[in-house]
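Numbering of ligands and ligand atoms starts at 1, following listing order.
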Amino acid sequence: MDPIKSLKMTTLAENLVMAGGLGQWGFSLLLELEDARGDPRKIMLDTATEAKGLLHNIEHMELDIGDIDCLVLSHNHYDHTSVNVPIVEATGGVKVYAHPSVFESHIIKNAKGKTREIGVPKGQGIPEIEAAGGEVLLSRSPVEVVPGVWTTGEVPRRTFETPMDLKEGNQILTEVDGEWMQDTIVDDQSLLMDLGGFGAVVVSGCAHAGPVNILNHVKELGGFPEVACYVGGTHLSGRSDEYLERSITELGGFGFKILSPCHCTGFKATAKIWRAYPDEFVLNYCCREIDPLDPPKNRII
Ligand SMILES: [Fe+2]
Ligand SMILES: [Fe+2]
């Protein structure tokens with residue numbers, strides 16, 4: 001994997017917020033980088049739930065998304081895919097990378113049998129993205145979205161981790177070839193890149209594949225001995241104390257310099273990660289900028 005030259009990450013949508021930003025339940029991140037050839041690039045990961053907060057934060061940070069190189073969708077959930085069309089429209093047409101299952105139906109069914117769609121909302125799917133000028137590129141395997149930045153593709157599930165914590169009696173289901181099956185969120189994928197001497201960087205949406213599974217997969221894909229930086233959701237929200245302790249202990253084995261869990265990590269797990277790794281922990285919130293090569297900028301305020 002050819003190393004990229006520089007990287008700045010700005011959180012465009014997140015649960016937490018500092019002065020000036022607008023928070024929401026959802027996630028979106030902008031990566032601004034110099035790619036493996038030294039060319040400037042912009043990649044947007046996910047489009048959150050509400051256009052209002054997302055577009056406000058983009059304007060507040062004086063960011064221009066009109067020239068992004070691509071939009072990558074980490075997985076199907078509505079809190080990552082609800083503003084697809086406005087973003088594609090704002091770019092005047094852009095490549096949109098996703099796993100094919102992102103655009104299938106995904107529902108949650110409660111103990112009483114009541115169902116609710118939790119995937120890509122109506123009006124934000126492939127036909128509407130294409131009508132807005134977007135080019136949808138579907139793949140189950142890793143894809144190099146700009147020189148030096150790759151998607152993980154499907155992540156092998158080899159650890160204790162499960163896709164999400166569900167209340168008693170609740171099920172998540174997806175339609176495969178006309179049949180409703182248990183949803184393993186097979187589409188969950190992250191971005192990975194080698195930031196030269198700094199090391200490997202991973203950016204995730206919700207990490208339904210499990211952060212430990214994802215990080216192991218990244219090490220294999222890139223031939224990395226360690227992973228220097230993780231930014232994104234971990235889906236540790238609502239997990240048992242035992243599950244949390246196990247996850248947090250295993251995260252300690254990757255050699256992080258920066259660990260910035262956010263979104264579906266939840267407050268309890270975030271606080272525990274901070275206590276376990278105070279020197280590596282970087283608090284994330286709307287409009288947070290993380291520059292791995294500029295450590296003083298990344299400290300907790
Ligand atoms: Fe999710
Ligand atoms: Fe999420």
Between the side chain of R288 and the main-chain N/O of L283, is any donor-acceptor distance below 3.5 Å?
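Yes, because the side chain of R288 sits within donor-acceptor range (under 3.5 Å) of the backbone of L283.
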Below 3.5 Å, can you tabulate the donor-acceptor pairs from side chains in residues 171-178 to any protein atom, sequence neighbours excluded?
from: T174; atom 1: OG1; to: S105; atom 2: O; distance (Å): 2.8
from: T174; atom 1: OG1; to: H106; atom 2: ND1; distance (Å): 3.4

S240 vs E242, side chain to side chain donor-acceptor pair (under 3.5 Å): CA-CA, chis, key distance, verdict
CA-CA 5 Å; S240 68; E242 194 189 353; 4.9 Å; no
Enumerate the residue pairs fulfilling salt bridge (charged side-chain N to carboxylate O under 4.0 Å, His left out) with a member in residues 255-281, sequence neighbours excluded, ordered by first and then second residue.
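Every salt bridge (charged side-chain N to carboxylate O under 4.0 Å, His left out) pair that includes a residue of residues 255-281, provided the two are not neighbours, is D241-K268, E245-K272.
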Using a cut-off of 2.8 Å, how many protein N, O or S atoms lie below it in distance from the Fe ion (ligand 2)?
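Total protein N/O/S atoms under 2.8 Å from the Fe ion (ligand 2): 4.
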Min side-chain heavy-atom separation E226-F256 under 4.5 Å:
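They are not in contact (no side-chain heavy atoms under 4.5 Å apart), so the answer is no.
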Who clusters with V186? Use side-chain heavy atoms, under 4.5 angstrom, across I, L, V, M, F, W and Y, and order the result by chain and number.
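In the cluster with V186 there is nothing else; it is isolated.
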